[in-house]
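This report concerns only the one structure given below.
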2 protein chains.
Amino acid sequence: MTSNIHDVAAAAGVSIATVSRVFNGQRVSPDRAKRVRDAARRLNFSPNRAARTLRRKHSEVIALIIPDVENPYFTAMARGVEDSAQRAGYSVVLCNTDDQDEKESQYLRIAVSENMAGVVVVPNGPTPDLLSYVASGRHVVAIDRQLDLGADEVLLDNVAAGRMATGALLDAGHRHVGLVTGPSHLSSAHDRVIGWRAAYGERGLEVDETLVEHGDFRVAGAREAMRALLGTGAEIDAVVAGNNLSGIGAFQVLARAGTVPPAFGFAIIGDLPFTTMVSARITRVGLPAREMGIRAADMLIDRIGGHGGGPRTLTLQPEILPVEEDWTV
Amino acid sequence: MTSNIHDVAAAAGVSIATVSRVFNGQRVSPDRAKRVRDAARRLNFSPNRAARTLRRKHSEVIALIIPDVENPYFTAMARGVEDSAQRAGYSVVLCNTDDQDEKESQYLRIAVSENMAGVVVVPNGPTPDLLSYVASGRHVVAIDRQLDLGADEVLLDNVAAGRMATGALLDAGHRHVGLVTGPSHLSSAHDRVIGWRAAYGERGLEVDETLVEHGDFRVAGAREAMRALLGTGAEIDAVVAGNNLSGIGAFQVLARAGTVPPAFGFAIIGDLPFTTMVSARITRVGLPAREMGIRAADMLIDRIGGHGGGPRTLTLQPEILPVEEDWTV
DNA sequence: TTGTACGCGTTATCAC
DNA sequence: GTGATAACGCGTACAA
């Protein structure tokens with residue numbers, strides 16, 4: 001059923017070495033090369049990756065490890081990684097950890113035993129397995145979360161994101177802007193708080209630290225956080241949702257409470273393809289998720305290609321999206 | 001760096017055959033097995049998948065080929081496939097085709113040269129590559145779209161889905177219920193039209209065929225279709241969105257036109273984790289995407305395990321979701 | 001430029 | 001139950 005280089009060699013009347021060379025871009029006389037290609041096509045031959053991997057010690061597959069396949073932010077990243085990878089001849093395996101360290105470790109182990117070329121990971125934390133994977137000299141690019149792993153990183157300027165979202169609300173006249181952010185152990189969640197604080201400071205306004213609530217960067221947690229925020233009795237007339245899913249949760253609670261924009265200010269860090277279903281005016285801070293994926297994959301491929309040197313960090317900038325709906329045609 | 005069974009065998013004082021047997025669950029005396037396990041742990045050994053694949057003729061990875069990673073419907077499927085696969089010891093490679101036949105073919109080729117155990121595919125159409133992949137006797141389960149490939153299928157009762165959504169609107173008193181569906185070459189899009197038509201028929205109502213518009217099952221196409229529907233001048237007081245993304249597009253156009261529920265009836269076949277952001281009362285027909293993924297993977301694994309016989313078809317049922325927001329706690 | 005021969009790490013088939 | 005040993009399909013010294 002499946003043909004191998006021997007079959008092709010026989011059909012083309014050359015040695016297997018020649019066939020191999022043709023498929024690896026090495027010098028072969030034109031006529032022989034043509035004979036090989038013809039035979040290969042005729043036999044529907046395609047090189048066996050397992051054998052190649054076994055021989056070469058690494059495959060042309062890279063793993064992308066993300067916390068949640070159902071979050072558009074991460075799938076956008078995935079597309080970016082895929083784009084770059086494909087261009088360079090690599091396939092991408094998408095691995096979903098559900099925020100569980102154990103699953104992350106499991107995928108790392110698979111990456112090892114499958115001899116994968118490298119890993120792009122949205123790290124959950126500095127887990128032993130991740131640390132040792134990096135330490136073992138394998139190729140890793142961390143993305144979205146700062147962790148001092150000693151690996152290359154592609155990050156977001158989260159402080160700027162927090163500042164932009166909060167600033168827009170303050171500039172719109174709101175004075176008590178709350179923040180529903182994520183788990184404080186995540187640099188992304190943490191930095192957005194710093195940005196939130198900075199927005200007040202830059203305008204000479206006083207900060208009320210009780211207006212920060214930590215959710216889980218998911219819908220359910222954001223709902224709870226938003227309820228808590230409204231329940232404290234503290235004065236509040238606007239809120240920044242720390243990420244896209246938090247935006248949904250927070251908005252649901254607000255809508256139910258009848259406190260909707262524009263009376264109550266609302267901004268989301270991150271984007272939802274779905275935001276435009278809501279007629280309310282929502283401030284959105286766009287995050288270059290896809291671009292991050294592209295750059296991460298590029299860095300990884302670069303390393304695989306033998307690029308040495310210490311860990312590099314690339315930080316991308318967010319941008320305020322126009323309030324106008326973007327699909328006007 | 002990476003140890004192999006020889007190292008383990010030496011460390012444990014046994015033959016490599018014994019090591020192999022331990023790792024494949026074959027009978028080995030308890031004490032020797034323990035020695036092997038200890039040595040393996042000490043050496044941080046994990047079996048080389050490339051070698052195993054080369055030898056066994058197939059790997060423990062299955063490919064899931066979907067048209068759009070950013071569509072929650074397909075990512076929900078992906079989670080289902082992942083769940084089943086993982087339980088059976090398989091990894092899943094997520095492949096995104098963007099509705100392009102060529103990309104689908106490419107992934108199929110990769111599946112071959114990587115010796116993947118099998119493929120779960122949301123087929124674009126009966127392309128030559130897909131047909132020949134199936135014909136070559138490899139394991140395939142088609143999902144979501146009916147195509148007569150000669151492979152196992154996991155489908156949805158799309159006629160029922162169309163009927164339910166349309167019926168709910170008719171029963172709510174609307175009399176001119178339109179339909180924004182997908183490309184007519186997709187069985188899913190086509191069958192939903194049949195269901196739409198049936199809902200009228202069952203109630204003894206007359207059908208106005210001009211109220212069906214074919215989009216592309218994506219947001220942009222649905223916007224156009226919805227505009228077209230409103231622009232015909234035909235009487236229309238409600239609409240069924242043929243899938244989740246169409247729901248967004250159609251709703252955007254409606255909202256802008258000021259024709260919103262409940263005055264204008266609106267139903268979506270499919271679900272959006274995001275629908276609840278909208279205060280409008282929207283009828284939703286829930287689709288068991290995750291379940292479909294689970295069943296598809298189960299069928300595939302079953303085949304891989306040697307289950308013979310002709311192609312099987314499994315059809316799952318949709319269900320009307322309560323209009324109440326489902327996150328009430 | 002081309003061909004021969006060996007090894008990559010594992011599983012499976014033998015004998016024992 | 002256990003151990004030698006022959007594949008699996010490919011890449012690459014090395015020799016020609």
Side-chain angles (χ1 to χ4, degrees), chain A residues 1-37 39-40 43-61 89 109-117 304, chain B residues 1-37 39-40 43-61 89 109-117 304-306:
Chain A
M1 194 78 267
T2 346
S3 50
N4 57 29
I5 50 175
H6 287 98
D7 304 331
V8 177
V14 301
S15 76
I16 60 167
T18 300
V19 177
S20 175
R21 284 192 267 259
V22 168
F23 278 87
N24 289 291
Q26 300 184 39
R27 304 204 59 83
V28 169
S29 71
D31 57 322
R32 293 172 99 87
K34 178 167 172 13
R35 287 197 344 248
V36 169
R37 288 190 198 291
L43 296 175
N44 195 20
F45 166 79
S46 75
N48 182 314
R49 303 284 199 119
R52 166 176 289 183
T53 298
L54 182 57
R55 202 36 239 238
R56 286 221 190 133
K57 302 290 201 179
H58 75 261
S59 71
E60 276 103 4
V61 175
R109 275 196 297 277
I110 291 179
V112 172
S113 55
E114 293 261 16
N115 297 300
M116 293 189 189
I304 295 168
Chain B
M1 194 78 268
T2 347
S3 49
N4 59 26
I5 50 174
H6 287 96
D7 304 331
V8 176
V14 300
S15 75
I16 60 167
T18 300
V19 177
S20 175
R21 284 193 265 258
V22 168
F23 277 87
N24 288 292
Q26 301 183 38
R27 303 208 64 79
V28 169
S29 72
D31 57 322
R32 294 173 96 88
K34 179 167 169 17
R35 283 192 354 242
V36 169
R37 287 191 197 290
L43 296 175
N44 195 19
F45 166 79
S46 76
N48 183 313
R49 305 280 199 117
R52 165 176 293 184
T53 298
L54 179 58
R55 191 50 233 235
R56 286 226 189 129
K57 302 288 202 178
H58 75 260
S59 72
E60 275 102 3
V61 358
R109 274 196 297 278
I110 292 180
V112 172
S113 57
E114 294 261 16
N115 297 298
M116 292 189 188
I304 294 168

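Keep in mind it's a predicted model, so treat the numbers as computed, not measured. Numbers restart at 1 for each chain; the letters A, B, ... are given by sequence-line order, proteins then strands.
A 4.5 Å side-chain heavy-atom check between A/R35 and A/D31 finds at least one atom pair inside the cut-off. Using a 4.5 Å heavy-atom threshold, the side chains of A/I110 and A/M116 count as touching.
Residue A/H6 contributes atom NE2, which lies 8 Å from atom P of D/dC10 at whole-angstrom precision. For the pair B/L54 CG and D/dC8 P, the interatomic distance rounds to 9 Å; values are reported in whole Å. The CD-P distance, from A/Q26 to D/dG11, rounds to 9 Å in whole Å. One interatomic measurement links the two molecules: CZ of A/R56 to C1' of C/dC8, which rounds to 13 Å at whole-angstrom precision. Atom CG in B/D7 sits roughly 11 Å away from atom P in C/dC8 (whole-Å rounding). One can place CD1 of A/I16 at 9 Å from C1' of D/dG11, the figure rounded to the nearest angstrom. Rounded to whole angstrom, the span from the NE2 atom of A/H58 across to the C1' atom of D/dC10 amounts to 14 Å. Nucleotide C/dA12 holds its C1' atom 5 Å from the CZ atom of B/R55, rounded to whole Å.
Look at A/T18 and you won't find any side-chain N or O under 4.0 angstrom from OP1 or OP2 of C/dT1. Residue B/N4 has a polar side-chain atom (N or O) positioned under 4.0 Å from OP1 or OP2 of C/dG9. A sub-4.0 Å separation between OP1 or OP2 of C/dC8 and a side-chain N or O of B/N48 is absent. For the pair A/K57 and D/dG11, the criterion of a side-chain N or O lying under 4.0 Å from OP1 or OP2 is not met. Considering only side-chain N and O atoms, B/S20 lies nowhere under 4.0 angstrom from the phosphate OP1 or OP2 of C/dT10.
Using a 4.0 Å heavy-atom distance criterion, B/S29 is classed as a sugar-phosphate-only contact. Counting any heavy atom pair closer than 4.0 Å across all strands shown, B/R32 reaches sugar-phosphate atoms only and no base atom. Among the protein residues, B/V28 comes within range of the sugar-phosphate backbone only, with heavy atoms under 4.0 Å from sugar or phosphate atoms but none that close to a base.
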Practice problem: Give the intermediate values and the outcome of side chain to side chain contact (heavy atoms under 4.5 Å, CB included) for residues B/R49 and B/V61. | Solution: CA-CA 10 Å; B/R49 305 280 199 117; B/V61 358; 5.6 Å; no
Exercise. With side chain to side chain contact (heavy atoms under 4.5 Å, CB included) as the test, would you mind laying out the steps for A/N4 and A/D7 before giving the verdict?
Key: CA-CA 6 Å; A/N4 57 29; A/D7 304 331; 3.3 Å; yes
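Counting atom types as modelled, B/R52 pairs no side-chain N or O with a base atom of C/dT10 as donor and acceptor under 3.5 Å.
If you find the closest nucleotide of DNA chain D to B/R21 and to B/A51, the one lying nearer the 5' end belongs to B/R21.
In this structure, B/S3 contributes its side chain and B/L43 its backbone to a donor-acceptor pair below 3.5 Å.
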